Amino acid sequence: MSHEHKHEHHSPDADADADAAGAAADFVGEEFWDARYRESEKIWSGEANVVLAREAAPLAPGRALDLGCGEGGDAVWLARRGWRVTGTDISGVALERAAAHAAGAGVADRTEWERHDLAESFPAGEFDLVSACFLHTFGEFPRERVLRRAAAAVAPGGVLLVVGHAGWASWQEDRPEVAFPTPEEVLGRLELAPGAWEVLLAEEHVRVQNQPDGRPGTRTDNAVKVRRLTETA
């Protein structure tokens with residue numbers, strides 16, 4: 001279900017205006033996101049998130065799970081590099097586009113697509129990489145519980161990558177009712193078993209992001225990358 005920018009190719013989040021967010025809060029679901037995707041033939045760039053590409057590049061290909069895959073940019077990038085990828089999103093429209101993107105890239109045989117409202121259901125199986133990039137949405141969403149379930153889906157020796165916003169964009173007004181977790185808070189809320197995981201990355205980073213009028217702005221995001229150990233202490 002993502003519903004956030006996966007570096008300009010996944011579902012929309014706080015970059016939408018506050019009025020739209022407030023109006024959406026009461027009825028966010030498959031119909032809402034299907035309607036959002038139908039507003040344009042293509043919403044995101046189709047390219048992979050910069051952080052995902054950087055952090056996944058040194059990993060040996062295996063099974064990957066892309067939570068909130070949107071139109072499939074990350075999943076297709078991984079599949080092109082030999083991964084077998086399961087992409088999931090709440091929007092059936094997004095998943096149709098993702099499947100078409102994979103077919104056009106020649107990786108349909110290495111990708112599969114599952115519709116899930118992650119607050120209600122989750123893909124089965126274990127994965128060598130679980131990616132949760134910008135897993136934010138309007139309205140109520142049990143993000144911490146979903147991320148803990150994502151960690152549980154990581155196979156021994158596998159990696160969980162969580163990327164999210166650390167604050168509002170430079171041109172946006174802060175809304176005190178919205179709290180963005182720090183990398184340390186993300187780690188703590190994952191409730192990882194002591195001695196069973198290795199922390200590979202936990203940091204904030206600033207990136208350039210275009211404002212709605214096209215002028216450049218900035219946004220601070222954070223990234224957490226952890227590996228499940230094959231043997232626990």
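Every value quoted in this text rests on a predicted model; they were computed, and no experiment measured them. Along the sequence shown, residues are numbered consecutively beginning with 1. Heavy atoms only: backbone and side chains are in, while hydrogens, waters and symmetry mates are out.
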L59 vs D128, side chain to side chain contact (heavy atoms under 4.5 Å, CB included): CA-CA, chis, key distance, verdict:
CA-CA 9 Å; L59 301 178; D128 303 296; over 6 Å; no
Parallel, tilted or perpendicular, judged at 30° and 60°: which one describes the rings of F180 and W168?
perpendicular
Students should find that the hydrophobic cluster of L95, defined by side-chain heavy atoms under 4.5 Å apart, otherwise consists of W113
For V206, the hydrophobic cluster (side chain heavy atoms closer than 4.5 Å, chained through members) also holds none
[X]: what forms a side chain to side chain donor-acceptor pair (under 3.5 Å) with it, not counting sequence neighbours?
{"X": "N222", "result": "none"}
{"X": "E114", "result": "H116"}
{"X": "R189", "result": "E144"}
{"X": "E112", "result": "T86"}

Would you indicate whether the side-chain heavy atoms of V51 and F134 approach each other to under 4.5 Å?
no
Between P156 and E126, is any pair of side-chain heavy atoms under 4.5 Å apart?
yes
Among all residues two or more places apart in sequence or in another chain, which pass the side-chain contact (heavy atoms from CB on, under 4.5 Å) test with [X]?
{"X": "P216", "value": "V208, N210"}
{"X": "P142", "value": "A119, R145, V146"}
{"X": "R81", "value": "W77, W83"}

Partners passing salt bridge (Lys or Arg N to Asp or Glu O under 4.0 Å) against [X] (at least two apart in sequence or in another chain):
{"X": "R115", "result": "E30"}
{"X": "D109", "result": "none"}
{"X": "E191", "result": "R148"}

Interatomic distance, L52 atom CG to D74 atom CG [nearest 0.5 angstrom]:
4.0 Å
Taking every heavy atom of L147 against every heavy atom of L160, the minimum-distance pair comes out as O-CD2, 4.4 Å
Nearest atoms (heavy-atom pairs only) where A79 meets T111
CB-CG2, 3.7 Å
Starting from the C-alpha separation in whole Å, work towards a yes-or-no answer on side chain to side chain contact (heavy atoms under 4.5 Å, CB included) for L78 and L129.
CA-CA 10 Å; L78 289 166; L129 171 65; 4.0 Å; yes
Are V154 and L201 connected in a single hydrophobic cluster, I mean Ile/Leu/Val/Met/Phe/Trp/Tyr linked by side-chain heavy atoms less than 4.5 Å apart?
no
